[in-house]
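For clarity, every value in this text was computed on a predicted model and none was experimentally measured. Lettering of chains follows the sequences in order, A, B, ..., and the numbering in each one begins at 1.
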Amino acid sequence: MEPSAAGRKERAKPREPAARLEKAKQKSAQQELKQRQRAEIYALNRVMTELEQQQFDSFCKQMQASGE
Amino acid sequence: PFFVNRGGLPVDEPTWERMWRHVSRIHPEGERVAQRIRGAADLPKIPIPSVPVFQPSTPVPERLEAVQRYIRELQYNHTGTQFFEIKKSRPLTGLMDLAKEMTKEALPIKCLEAVILGIYLTNNMTTLDRFPISFKTHFSGNYFRHIVLGVNFGGRYGALGISRREELMYKAPVFRTLSELIFDFEEAYRRCWHTLKKVKLGHCVSHDPHSVEQIEWKHSILDLDKLTREDFRKELERHARDMRLKIGKGTGPPSPTKDRKKDVSSPQRGQASPHRRNSRGDRRPSAEKKPADSKAMPDLNGYQIRV
């Protein structure tokens, strides 16, 4: 191997673990965000499901009261 | 409005903010809903449901119940934002990849997502036929669309799916004819004051999760305004016969897959009836409003019974 190529190869090596570490951190952060979003989505869905049910029940009562 | 998350997961910031803005607009408590939930430290931990796994001896009807329980456990998505983008024209293999993602991410879903998931979770049930059933209904001046996955096991029809209304999703495979199944849905719609206007029936979906075929969503399109009751029933049975014929003859080459692209050729229609359309076609946009009905509905701040 030529000296310059060997030098490039030597310089490239320390970056690889750092790049991999960074990638792993990003993946972990993304996973955490997904988990957080999932928790908030289900909390929101519970609230909106209750709202829908209340509105549906009220509507049904009105329909029955008006004798359709 | 109907929002779709097109950026994958996690949800990107613009889509996330749009979701919360929408909720604040439609919920009586407005922004307080978001304030209570966003950033809260004590939100309940929602376990990720386990995809049902079956012993070889488990009967198919029992498997369908388990699949439906799984779908139900994900919950119907009432947030106003659909989290998985479904392009109906995608090859089956792409839709199955999406279904797999749905099981990994485990978020609330709506009816079309449930159909894709239903197909994915029943691919290994080779004696079960699956076909999409789409409904268009009318309520209080608006049109509504819904879809379920029709199933046929041993000549008995049923359905898998998810809906806001319990009666418009799962049906055990006990109906002797396709007509009986569809009439059951029609009656369920009537009980929540929806009038069934149109039914679209797809053809049977391949069991090969790597197939590059597209799902045929509307092999038969039945416009109830243009059919007598008897004709409606006949057309439904004609579709059922078409499905039986296509399966029985095993028409066409094996489903083209990613590994066999060189052999791809169009699946033959065989002896099945040509694509049937029983109306001049529906050119109405999905949100079109009709003039107010003579039978006025009580106004609950404009509440619409969606399905």
Peer 1: Do R165(B)'s NZ or CZ and the ring of Y189(B) fall within the cation-pi criteria of under 6.0 Å and 45°?
Peer 2: no

Peer 1: Counting only non-hydrogen atoms closer than 4.5 Å, does A34(B) touch chain A with its backbone (N, CA, C, O), its side chain (CB onward), both, or neither?
Peer 2: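 Neither part; nothing is under 4.5 Å.
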
Peer 1: So which residue, P44(B), C192(B), P47(B), ends up with the most heavy-atom pairs under 4.5 Å with chain A?
Peer 2: P47(B)

Peer 1: What part of I37(B) gets closer than 4.5 Å to chain A, counting heavy atoms only: side chain, backbone, both or neither?
Peer 2: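 I37(B) touches chain A through backbone and side-chain heavy atoms alike.
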
Peer 1: Report the C-alpha separation of F139(B) and F59(A) in whole Å, then their side-chain angles, then the decisive distance to 0.1 Å, and conclude whether the ring-ring contact (aromatic ring centres under 6.0 Å, His included) test is met.
Peer 2: CA-CA 13 Å; F139(B) 168 79; F59(A) 186 88; 5.8 Å; yes

Peer 1: Heavy-atom distance under 4.5 Å to chain B: side chain of L51(A), backbone, both or neither?
Peer 2: side chain

Peer 1: So which residue, T81(B), L74(B), I26(B), ends up with the most heavy-atom pairs under 4.5 Å with chain A?
Peer 2: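 Highest number of pairs under 4.5 Å: L74(B).
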
Peer 1: The test is side-chain contact (heavy atoms from CB on, under 4.5 Å); show your working for I162(B) and K110(B) and say whether it passes.
Peer 2: CA-CA 7 Å; I162(B) 201 165; K110(B) 298 177 76 171; 5.5 Å; no

Peer 1: Could you check E187(B) against E167(B) for side-chain contact (heavy atoms from CB on, under 4.5 Å), going step by step and ending with a plain yes or no?
Peer 2: CA-CA 9 Å; E187(B) 177 58 22; E167(B) 293 178 298; over 6 Å; no

Peer 1: E105(B) versus chain A, heavy atoms under 4.5 Å apart: side chain, backbone, both or neither?
Peer 2: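 For E105(B), heavy atoms of backbone and side chain both lie under 4.5 Å from chain A.
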
Peer 1: In terms of heavy-atom proximity below 4.5 Å to chain A, should V11(B) be classed as side chain, backbone, both, or neither?
Peer 2: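 Both the backbone and the side chain of V11(B) come within 4.5 Å of chain A.
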
Peer 1: Salt bridge (charged side-chain N to carboxylate O under 4.0 Å, His left out) between R18(B) and E13(B): does it pass, once the steps are laid out?
Peer 2: CA-CA 8 Å; R18(B) 184 182 64 185; E13(B) 198 179 328; over 6 Å; no

Peer 1: Please look at Y76(B) and chain A and tell me whether the side chain, the backbone, both or neither of the residue comes under 4.5 angstrom of a heavy atom of that chain.
Peer 2: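 The answer is the backbone of Y76(B).
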
Peer 1: Would you mind telling me which of Q37(A), R38(A), R36(A) makes a side chain to side chain donor-acceptor pair (under 3.5 Å) with E40(A)?
Peer 2: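 Only one option passes, and that is R36(A).
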
